[in-house]
Amino acid sequence: NPLPKAFSVLGGGGYCSGGEGLNISLNGSELGTRYSLYKGSEVVGNKDGTGNSLDFGKQTANGIYHVLAENDNGCVRLQSDSIQISIYNLPIADAGPDIHIIADNNATLSAQASGGAGGYSYRWDPADSLLNPLSSSPSTRNLMSTTVFHLKVTDIKGCSSKADDAVVFVSGGPVSLKVVTSDFPVCPGEKVKLIAMASGGNGNFTYLWQSEKSGFLSEQYAPVIFPVMDEWYKVIVNDGFTTVSDSVFIEVTPQPEVFD
């Protein structure tokens, strides 16, 4: 009895951690033949031959992949080439310490990066508040209000870090307050960072965050919460002379129903 024909296994390579994985395919197939995709000794996919190429879809696990063909006569043949999939670790961004300045002055931010594959590039936002947003140590423009700067780092393999933040607190002039937070709506129990961006006054602010439903209390300027229901969060800020407050509504998206 004849052996199955040999076709080439295609795909593989490397991708960044948290990505969708990489496609693996076979550049041809025969009718009456079953094709099994293996990662090491584990079967991770099966396809029946169609006379055309076969697509095993995206594979996410690190390892060596090969395809074994078995025809209706029980004859088995390893298909040409093995494919490796590698998962690249993400770099880690460190936006440096928070900075305090007087209104209408600038500051210099200081980024650090680690992990990943090295060869880092930097991206700060909001870019329009910086003179050189692609630098590891950019200078801000003269600031009149407290500003949160977000840093992302990309390595030579194109993998990007999660964002890290540095806050430039601005004192002097009237006290003002703006609340910023993570994107929402969020899923129940998902991490949300609240940030009270107080500006002006003498810069010596105290903070009190509170919510009625959950009874949340915090004296941090940027507390982290894990909300499970829709709720208003209010912050009261005082510099010893002036009190201001602001609120933000966090919307929580219900979990999908589970059906038997």
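Throughout, numbering of the chain's residues begins at 1 and tracks the sequence. Small disclaimer: the values here were computed from a predicted structure and weren't measured.
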(message) If we ignore hydrogens and angles and just use 3.5 Å, is the side chain of S29 paired with the main-chain N or O of N52 as donor and acceptor?
(response) yes
(message) Ignoring hydrogens and geometry beyond distance, is a side-chain donor-acceptor pair present between S80 and S8 at under 3.5 Å?
(response) no
(message) Side-chain heavy atoms nearer than 4.5 Å, only ILVMFWY residues, links allowed to pass through others: does that put V44 and V9 together?
(response) yes
(request) Ignoring hydrogens and angles, tell me if any N or O in the side chain of D98 forms a donor-acceptor pair with the backbone of V167 under 3.5 Å. (result) yes
(message) For a quick test of reading the model, state the closest non-hydrogen atom pair linking G49 to Y35 and the distance between them.
(response) CA-CE1, 3.7 Å
(message) If we ignore hydrogens and angles and just use 3.5 Å, is the side chain of S211 paired with the main-chain N or O of F216 as donor and acceptor?
(response) yes
Check: residues 233-242 side-chain donor-acceptor pairs under 3.5 Å, at least two apart:
from: N238; atom 1: OD1; to: G240; atom 2: N; distance (Å): 2.5
from: N238; atom 1: ND2; to: T242; atom 2: O; distance (Å): 3.3
from: N238; atom 1: ND2; to: T243; atom 2: OG1; distance (Å): 2.5
from: D239; atom 1: OD1; to: F241; atom 2: N; distance (Å): 2.9
from: D239; atom 1: OD1; to: T242; atom 2: N; distance (Å): 2.8
from: D239; atom 1: OD2; to: N202; atom 2: N; distance (Å): 3.3

(message) Run the side-chain contact (heavy atoms from CB on, under 4.5 Å) test on V192 and V224 for me, step by step, so that the C-alpha distance in whole Å, both residues' side-chain angles and the decisive distance to 0.1 Å come before the verdict.
(response) CA-CA 6 Å; V192 177; V224 172; over 6 Å; no
(message) Hydrophobic clusters here meaning ILVMFWY residues chained together by side-chain heavy-atom distances under 4.5 Å, can you tell me if L177 and V170 are in one?
(response) no
(message) Hydrophobic clusters here meaning ILVMFWY residues chained together by side-chain heavy-atom distances under 4.5 Å, can you tell me if I225 and V180 are in one?
(response) yes
(request) Quick one: list whatever passes ring-ring contact (aromatic ring centres under 6.0 Å, His included) with H100, sequence neighbours left out. (result) F169
(request) Begin from the C-alpha positions of N23 and S25 and carry the test side-chain contact (heavy atoms from CB on, under 4.5 Å) through to its verdict. (result) CA-CA 7 Å; N23 203 73; S25 61; 4.2 Å; yes
(request) Without swapping roles, check the side chain of T140 against the backbone of A107 for a donor-acceptor pair under 3.5 Å. (result) yes
(message) Distance check, rounded to the nearest 0.5 Å: Q79 atom CD versus L10 atom CG?
(response) 11.0 Å
(message) Any side-chain to backbone donor/acceptor pair from S218 onto Q220? Under 3.5 Å, distance only.
(response) yes
(request) Please identify each residue that fulfils salt bridge (Lys or Arg N to Asp or Glu O under 4.0 Å) with D48, with sequence neighbours left out. (result) R34
(message) Quick check for you: to the nearest 0.5 Å, what is the distance between K191 atom NZ and F226 atom CZ?
(response) 6.5 Å
(request) For T146 and S199, test the side chains for any donor-to-acceptor distance below 3.5 angstrom and give the result as yes or no. (result) yes
(message) If I take atom CG from residue L68 and atom CG from residue N46, how far apart are they, to the nearest 0.5 angstrom?
(response) 10.5 Å
(message) Pair S161, L90 - check side-chain contact (heavy atoms from CB on, under 4.5 Å), show working.
(response) CA-CA 6 Å; S161 68; L90 301 182; 5.7 Å; no
(request) Using side-chain contact (heavy atoms from CB on, under 4.5 Å) as the criterion, list what pairs up with I85, not counting sequence neighbours. (result) Y15, L22, I24, Q59, Y65
(message) I'd like to know if Y221 and I99 are part of one continuous hydrophobic network [Ile/Leu/Val/Met/Phe/Trp/Tyr, side-chain heavy atoms within less than 4.5 Å].
(response) no
(message) Under the rule for salt bridge (Lys or Arg N to Asp or Glu O under 4.0 Å), what residues qualify as partners of D94, not counting sequence neighbours?
(response) none
In residues 109-116, what donor-acceptor pairs under 3.5 Å come from side-chain atoms, sequence neighbours left out?
none

(request) For residues C75 and L3, report the shortest heavy-atom separation together with the two atoms involved. (result) CB-CD2, 4.0 Å
(message) Just verifying a value: how many Å separate C16 SG and I87 CD1, rounded to the nearest 0.5 Å?
(response) 10.5 Å
(message) Strictly distance-based, threshold 3.5 Å: is any side-chain N or O of W232 a donor or acceptor partner for the main-chain N or O of S247?
(response) no
(message) Taking side chain to side chain contact (heavy atoms under 4.5 Å, CB included) as the criterion, tell me which of N132, T108, L151 meets it with P138.
(response) N132
(request) Test E231 against I250 for side-chain contact (heavy atoms from CB on, under 4.5 Å), laying out the working first. (result) CA-CA 5 Å; E231 190 164 11; I250 302 298; 5.7 Å; no
(message) Assess, by modelled atom type and distance only, whether the side chains of T33 and E70 contain a donor and an acceptor separated by less than 3.5 Å.
(response) no
(request) Return yes if some donor-acceptor pair links the side-chain N/O of K213 with the main-chain N/O of D230 below 3.5 Å, else return no. (result) yes
(message) Let me confirm one number: the CH2-CD1 distance from W209 to I195, rounded to the nearest 0.5 Å.
(response) 9.0 Å
(message) Tell me every residue that passes side-chain contact (heavy atoms from CB on, under 4.5 Å) with N142, counting only those two or more places apart in sequence or in another chain.
(response) D104, N106
(request) Find out if a path of hydrophobic residues (ILVMFWY) with successive side-chain heavy-atom gaps under 4.5 Å connects I83 to L54. (result) yes
(request) Scan residues 82-91 for pairs that pass side-chain hydrogen bond (donor to acceptor under 3.5 Å, both in side chains), counting only residues two or more places apart or in two chains. (result) none
(message) By the salt bridge (Lys or Arg N to Asp or Glu O under 4.0 Å) test, which pairs, at least two apart or in different chains, include something from residues 124-140?
(response) R123-D125
(request) Nearest 0.5 Å please: distance from the OG atom of S176 over to the CE atom of M197. (result) 9.0 Å
(message) Within the 4.5 Å heavy-atom criterion, are S171 and I102 side-chain neighbours or not?
(response) yes
(request) May I have all residue pairs that pass salt bridge (Lys or Arg N to Asp or Glu O under 4.0 Å) and include part of residues 146-157, sequence neighbours excluded? (result) none
(message) How about NZ on K162, more than 12 heavy atoms from neighbouring residues, nucleotides or ligands closer than 6.0 Å, or not?
(response) no
(message) Test of understanding: with salt bridge (Lys or Arg N to Asp or Glu O under 4.0 Å), list the residues that count as partners of R141, not counting sequence neighbours.
(response) none
(message) Once salt bridge (Lys or Arg N to Asp or Glu O under 4.0 Å) is applied, do any residues pair with R77, and if so which ones, sequence neighbours excluded?
(response) none
